[in-house]
Amino acid sequence: SQTWLLFHHEQYNSQCDQDLSENGHQVCNEAVCVGPAPTSKSYLNMDAIMDAIRSTGAQAVHPGYGFLSENKEFAKRLAAEGVTFIGPDTHAIMAMGDKIESKLIAKAAKVNTIPGFDGVVETADDAVKIAQQIGYPVMIKASAGGGGKGMRIAWNDEETREGFRFSSQEAASSFGDDRLLIEKYIDNPRHIEIQVLADKHGNALWLNERECSIQRRNQKVVEEAPSTFLDSVTRRAMGEQAVQLAKAVQYSSAGTVEFLVDSKKNFYFLEMNTRLQVEHPITECITGLDLVEQMIRVAKGYKLLHKQEDIPINGWAIESRVYAEDPYKSFGLPSIGRLSQYQEPLNLSNVRVDSGIQEGSDISIYYDPMISKLVTYGATRAEALSKMEDALDNYVIRGVTHNIPLLREIITHPRFISGDISTNFLPEVYPDGFKGHQLEVGNRRELLASAAALYITAQLRSQKVLGNLRVSSTPVECTHWELCAELGEGLYSMEVEVDGGKVEVSGQWNLASTLLPLTINGTDRMLQCLSRDASGQIVLQYLGTSFKVRVLSKLAAELNSYMPEKVAEDTSSILRSPMPGSVVAVSVKPGDTVAEGQEICVIEAMKMQNSLTAAKQAKVKKVHCKPGETVGEGDLLVELE
Amino acid sequence: HPAFLLPDCRRYSVGHLSVKERIDMKRKAALVGGGQKRIDAQHKRGKLTARERVELLLDPESFVESDMFVEHRCSDFGMEQDRNKFPGDSVVTGRGRINGRLVYVFSQDFTVFGGSLSGAHAQKICKIMDQAMTVGAPVIGLNDSGGARIQEGVESLAGYADIFLRNVLASGVVPQISLIMGPCAGGAVYSPALTDFTFMVKDTSYLFITGPDVVKSVTNEDVTQEELGGAKTHTTVSGVAHHAFENDVDALLNMREFFNFLPLSNQDPSPIRACHDPSDRLVTSLDTIVPFETTKAYDMLDIIHAIVDERDFFEIMPSYAKNIVVGFARMNGRTVGIVGNQPKVASGCLDINSSVKGARFVRFCDAFNIPIITFVDVPGFLPGTAQEYGGIIRHGAKLLYAFAEATVPKITIITRKAYGGAYDVMSSKHLRGDVNYAWPSAEVAVMGAKGAVQIIFRGKENQAEAEAEYVEKFANPFPAAVRGFVDDIIEPATTRKKICRDLEVLASKKQVNPWKKHANIPL
């Protein structure tokens, strides 16, 4: 549609080198380079963006989300140049952008607010004092930041100090504003937000809620609309308070009022986002409204088209945030790479994928690691979830580590399906960290049979030499294969009857295809073959998780038992970078003695700082990195003795 | 004794055993080599026995053994005693099939006299090499030998020479592959060195002229076996070996895979395997792979993987002279040799090691009818005293020579830089390239704009302006295209499709070089 094009045109009319080289935005009418890859020099560089606006003669700017979307300074400068900012007025951004002021306004507008302390924090000691007054646990975050950026939870004085230091550094690097806020942390809450839409004529609507409780490190992972938790009374109460707040600040455009909801359905105002949210598509799905179109109408001064009673909840929508990150490390540490193969599941119905990348794009350390927003829609929640399962299975991403294993586990988890979730869902369900799909006997058999069938297909194909008369007239082709497959610790031997047998696997067996649509004992499954090598190693993505299976002939398996185990590197005395990023600080030098758990260095990747600690008490032997250096995943940083 | 009960068996006077019994006994003895104790020791070292290796390498039940009854003929130092005789001696030889395709194999048996090479051992190897030459089939040698059979002295040396001679005569006639699966020291190393490919097994194989003890006594250097001649040394430092594998099983399974790429002899065409990857597949990711900045690196392997069938690329020497990438792949099922400059390493420049690595690979492909596809992004030859003193002129000439001499189908794609003499070298039109393409990002020029301007406009002002003019003029594919030095400027996404189509046409290419006894490549 027209508005969609405009949205993308405006959003991406500011691009930087990094994106331009990807040539990723086919929808752009025009793209302007706004600087080199680091965001502080490009998307956060207002001068460069203003230049871009002037050079293209843009009449309006849609700031998208993140970066300058809630920057009052930016909105002011646009106003000064006579360029329409597609978003709320500056005063509303200012009022809601400041967490302290926004709470005061919310209180005044009779919106439920979280008990806690409102104030700017200057030093670590102040932070501790304030935290003690409020009572632990407390949450520390950047005043200027949205979402989970720069936000830490502290349970004691020490963590408060650490949280203060990290949050202020992150706040400075991401927002250029290091002010912080400390408030009472509500344990086990649900994160439910209300979408509001207001015009410049004093009209405001609430467009129902979005449940965004599935989070890791306070960033959303899976969102849905509506919420399984709200009854119509609560929904209305929240909606009405959200509208009260919007009206109190003469809000115009689309905005989101975030609430924390406790188990008794008490809800507390968290903050208001004066921009389009990443997860807005699910609201569009269930209400049928195009939010960007509405924002542009409002920016142009039109009155709202709809009345509150016109806003429906039609069906159910789920959004999965597909990230370039390793879900096995802290539910997701950033990963980088080039998307060597990339295929969105757009062949399925009721699937929407919003992404800014394509096959061949580089996922770099400079931006948020989000690959796409994957949205599925259905008449019922079950339907939307089943669509999501299919969509995740059909999503081909190669070249970067991604979080599809985690997404698929979440949406198929009994607790999620029953709606029993909170923002602590991930740490509660996976207390020892995410380990991927755990195979049950039946599934294991399916996986092994699929791997074996793929192996045999490849073996048989190796004998198909075309046009060569010098191939033996008695080929080894047979229908009975005795194989042995290794999966994790266990060894499984199997006899696979190619035409039938215990586990019946059939499919098209295209060895070049990324997707493997199989029928296993009558069940349709979409597997993906991630890799296959000469030594029998087959990596299959099955039920979202990738499994390494080694398939060997019976003879090879027997002989393989003589092969020695290779001794793995002693990892306790070396520190490697767990992800690609840049070195922010190195806290040790050769000769220092470090205690177990002591910080050795800090790596920043995708605007997130990670403290790397010593695995044992030891003397530092050698330091291989310097602050400011860029390091890759697995790079050696520090050696201990 | 039961022999007399079998009237159809001729009796043998000594020992009163029937011939059949003796045959069975000898066969049985041959199958256990040096005996169970030594087999166990071999396994303990993480190594398979000679026979296990052959069995795993070849198709089930396809092995046809020869010379199972051959024994060594040494009669000195007590070697003539029965307990020092092993049927088959210290090597297993024969023929078999890999995915139905004929191959000759010898597998040295470390359990018999440490796999040492006797005259009989050498004779067995020579026999299957001669047969391989007669019928035109590759030879795979599985090396696991302590060296010469000292007891035999000069006979053993003669045996080595017999093998070397056959290696040389077979060179370019049938593919020869050496898989080093244990020690291989002294003169013995020259047989693998003469073959087309030398593969090693990590941690259990060694190749050196003299071992660490001799090194210590002669040069006083302290060096371990692994450092001196292990898989890592030869695949990263010396360039003697072409690939290293984790263990015996891994290596043998990979040999099967590798073998699939090769033609059986120089009289056979490059094999075509059934292919599931559409030959007209568009590779859109290639449209964005070359960065805007000419100084920014990218990975040539990304291009190769994206273009070839099923992303299946068997890289040769992946850890040595990484500024050039060589290896085998398939295009629409047909084996091709891929050569590519690697911008990620040393900007993809040509130096001594990369030239030699590239040249040897190109010559293998040419000898065995394997089309060569060359991806060019080369800023030139590496300057400096180290290179000049090392003889970059001589070694660089090898790659030039190899490309120029090759008469197999040659397809070249200039992805970005093709500067200076290195442009000529990299399978250019001028060296009889059959199809030469340029991507829109290609720059064919004598050198980079900066250097060129410094020479053309020495001492003049407005260097920046001149540089911009030079870039405008030469930093694009047009100067080469208007002269017909590239046949077409193509969209990167269409590269696979175009190569597959061209290869079909070039399948019937016939080109011969002038008659000569042999050419004289600068060695």
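Reminder, nothing fancy here: chain letters follow the sequence lines and each chain counts from 1.
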Given side-chain contact (heavy atoms from CB on, under 4.5 Å), test Gln358(A) with Thr284(B) step by step and report yes or no. CA-CA 9 Å; Gln358(A) 62 176 13; Thr284(B) 49; over 6 Å; no
Would you name the heavy atoms of [X] and [Y] that are closest together and state the gap between them?
X         : Y         : result
Thr288(B) : Gly360(A) : OG1-O, 3.9 Å
Ser340(A) : Ser285(B) : O-OG, 4.4 Å
Leu253(B) : Ala534(A) : CB-O, 3.5 Å
Ala556(A) : Leu56(B)  : CB-CD1, 3.5 Å
Gly46(B)  : Pro564(A) : CA-CD, 3.6 Å

What distance separates [X] [atom1] from [Y] [atom2], expressed to the nearest 0.5 Å?
X         : Y         : atom1 : atom2 : answer
Ile98(B)  : Gln463(A) : CD1   : CD    : 12.0 Å
Asp533(A) : Phe314(B) : CG    : CZ    : 10.5 Å
Tyr562(A) : Lys47(B)  : OH    : NZ    : 15.0 Å
Asp59(B)  : Ser462(A) : CG    : OG    : 10.0 Å
Leu559(A) : Asp248(B) : CG    : CG    : 9.0 Å
Asn560(A) : Asp250(B) : CG    : CG    : 8.5 Å

Sort [X] into side chain, backbone, both or neither according to what part of it lies under 4.5 angstrom from a heavy atom of chain A.
X         : answer
Gln42(B)  : neither
Asn260(B) : side chain
Lys202(B) : both
Arg311(B) : side chain
Glu246(B) : both

Does Arg461(A) use its side chain to pair, donor to acceptor, with the backbone of Ala274(B) at less than 3.5 Å?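 Yes, the answer is positive, given that a donor and an acceptor are paired below the 3.5 Å cut-off.
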Using a 3.5 Å distance criterion without hydrogens, assess whether the side chain of His276(B) forms a donor-acceptor pair with backbone atoms of Leu511(A).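 Side chain of His276(B) to backbone of Leu511(A), a donor-acceptor pair under 3.5 Å: yes, one is there.
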Selection from Gly536(A), Ser531(A), Ala512(A) maximising heavy-atom pairs under 4.5 Å formed with chain B: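 The option with the most such pairs is Ala512(A).
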Do the side chains of Arg338(A) and Asp302(B) get nearer than 4.5 Å, heavy atoms only? yes
Could you check whether any side-chain heavy atom of Leu555(A) comes within less than 4.5 Å of a side-chain heavy atom of Glu55(B), counting everything from C-beta outward?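 The answer is yes; the side chains approach within 4.5 Å.
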Tell me, side chain or backbone of Gln341(A) under 4.5 Å from chain B's heavy atoms, or both, or neither? side chain
Contact origin within Arg550(A) toward chain B - heavy atom pairs under 4.5 Å: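 Looking at Arg550(A), just its side chain touches chain B.
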Does the side-chain contact (heavy atoms from CB on, under 4.5 Å) test come out yes or no for Ser535(A) and Asn254(B), once each step is laid out? CA-CA 6 Å; Ser535(A) 64; Asn254(B) 271 283; 4.2 Å; yes
Could you tell me whether [X] atom [atom1] has more than 12 heavy atoms of other residues or ligands within 6.0 Å of it?
X         : atom1 : result
Glu565(A) : CD    : no
Arg95(B)  : CZ    : no
Glu61(B)  : CD    : no

Determine, stepwise, if the pair Lys566(A) / Asp203(B) fulfils salt bridge (charged side-chain N to carboxylate O under 4.0 Å, His left out). CA-CA 9 Å; Lys566(A) 301 269 166 166; Asp203(B) 303 326; 2.8 Å; yes
